[in-house]
Amino acid sequence: MLNNRFISFEGIDGSGKTTQIKLLQERLLSLDEKVAVLREPGGTLISEKIREILLDNKNINLSNESECLLFFASRSQLVAEKVISLLNKRIFVICDRFNDSTIAYQGYGFDMDVKKLEAISEFATFNMHPSLTFYLDICSEKSFERRGKVNSDRIESKGHQYLEKVRQGFLSISKKHSDRIIKIDASLTKQEISESIWLTVKEKYDF
């Protein structure tokens, strides 16, 4: 399996992931590359149903452990049903979040055992990792400012303190996996971030 075309984007909400994913997709398509963009949780019929459970504000009694396992279940289905097949066809797979998000949001955010979650993560994704990850870093205050009056889902509504713990988790993960994760200051302009991402992609894939 050729998984070197597997790229993920990480960051707390409001960091600009969606915008940068679209820009990278457009650049790759302009070179006649095939690209599939997937979101987490979601991307398959089963995964989208799990997403509804996870983000529904009505599910206030969902335990932290159940939340973790639901994320892993959704991701496992996505990998089994789509990611592996797409990569085997030499299609670029750009994923809006992957395992790093669960480790940051549920592991660091909930003060859970990160090593245990990493082990479950390996099992759920068949030991698969993105070959390249862009982490867009902003503080929790900037995240809330950018999201403005947009209605928060169940996870987004946990507040500043929780979101800052998640951010610190992402920072720790990016240091631990510096060979794979490229940390980018998300307070830069959209164009500056896009150019930084493209330079890295050009170098890695020899465009």
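The shown structure was predicted, so the numbers you read here are calculated from the model rather than taken from an experiment.
Within the 3.5 Å criterion, the main-chain N or O of Arg39 finds no donor-acceptor partner in the side chain of Arg51. Judged purely by atom type and a 3.5 angstrom limit, Thr200 uses its side chain to pair as donor or acceptor with the backbone of Ser196. A side-chain donor-acceptor contact under 3.5 Å links Ser30 to the backbone of Arg27. Checked by atom type and distance alone, the side chain of Tyr105 never pairs as donor or acceptor with a backbone atom of Asp100 at under 3.5 Å. Looking at Ser178, its side chain never comes within 3.5 Å of a backbone N or O of Ser174 through a donor-acceptor pair. Of the possible polar contacts, one joining the Glu48 side chain to the Gly43 backbone as a donor-acceptor pair under 3.5 Å is found. Panel note: side chain Gln77, backbone Ile46; no donor-acceptor pair is recorded below 3.5 Å. Of the possible polar contacts, none joining the Thr133 side chain to the Ile181 backbone as a donor-acceptor pair under 3.5 Å is found. Of the possible polar contacts, none joining the Ser74 side chain to the Pro41 backbone as a donor-acceptor pair under 3.5 Å is found. Checked by atom type and distance alone, the side chain of Asn88 pairs as donor or acceptor with a backbone atom of Ile84 at under 3.5 Å.
The structure places SG of Cys95 at 4.5 Å from CD of Glu40, a figure rounded to the nearest 0.5 Å. If you take CZ on Phe71 and CZ on Arg97, they are separated by 8.0 Å, rounding to the nearest 0.5 Å.
The two residues Gly11 and Lys17 come nearest to each other via the heavy atoms O-CE, 3.4 Å. Considering every non-hydrogen atom in both Trp198 and Leu28, the closest pair reads CZ3-CD2, 4.0 Å. Of all heavy-atom pairs spanning Asn59 and Glu52, the tightest one is ND2-O, 4.4 Å. Taking each heavy atom of Leu86 and Ala36 in turn, the nearest pair found is CD1-CB, 3.7 Å. Taking all atoms of both residues into account, the shortest heavy-atom contact from Leu117 to Phe72 is O-CZ, 3.5 Å.
Using a cut-off of 4.0 Å between Lys/Arg side-chain N and Asp/Glu carboxylate O, Lys142 and Glu145 are scored as salt-bridged. With respect to the salt-bridge test (charged N to carboxylate O, under 4.0 angstrom), the residues Glu33 and Arg90 do not qualify.
Each of Arg180, His177, Glu122 was checked for a side chain to side chain donor-acceptor pair (under 3.5 Å) with His129, and the lone residue meeting it is Glu122.
When the side chain to side chain donor-acceptor pair (under 3.5 Å) test is applied to Lys176, the partners found at least two apart in sequence or on another chain are Glu118.
Using modelled atom types, one finds no donor on one side chain facing an acceptor on the other under 3.5 Å when comparing Glu195 with Gln191.
Applying the 6.0 Å contact sphere to NZ of Lys116 captures no more than 12 heavy atoms from other residues, nucleotides or ligands.
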Return all side-chain donor-acceptor pairs below 3.5 angstrom for residues 182-190, not counting sequence neighbours, or 'none' if the list is empty.
residue: Asp185; atom: OD1; partner: Ser187; partner atom: N; Å: 2.9
residue: Asp185; atom: OD1; partner: Ser187; partner atom: OG; Å: 2.6
residue: Asp185; atom: OD2; partner: Ser187; partner atom: OG; Å: 3.1
residue: Thr189; atom: OG1; partner: Glu192; partner atom: N; Å: 3.1
residue: Thr189; atom: OG1; partner: Glu192; partner atom: OE1; Å: 3.2

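For the pair Arg75 and Phe98, the distance from NZ or CZ to the six-membered ring centre is under 6.0 Å and the angle to the ring normal is within 45 degrees.
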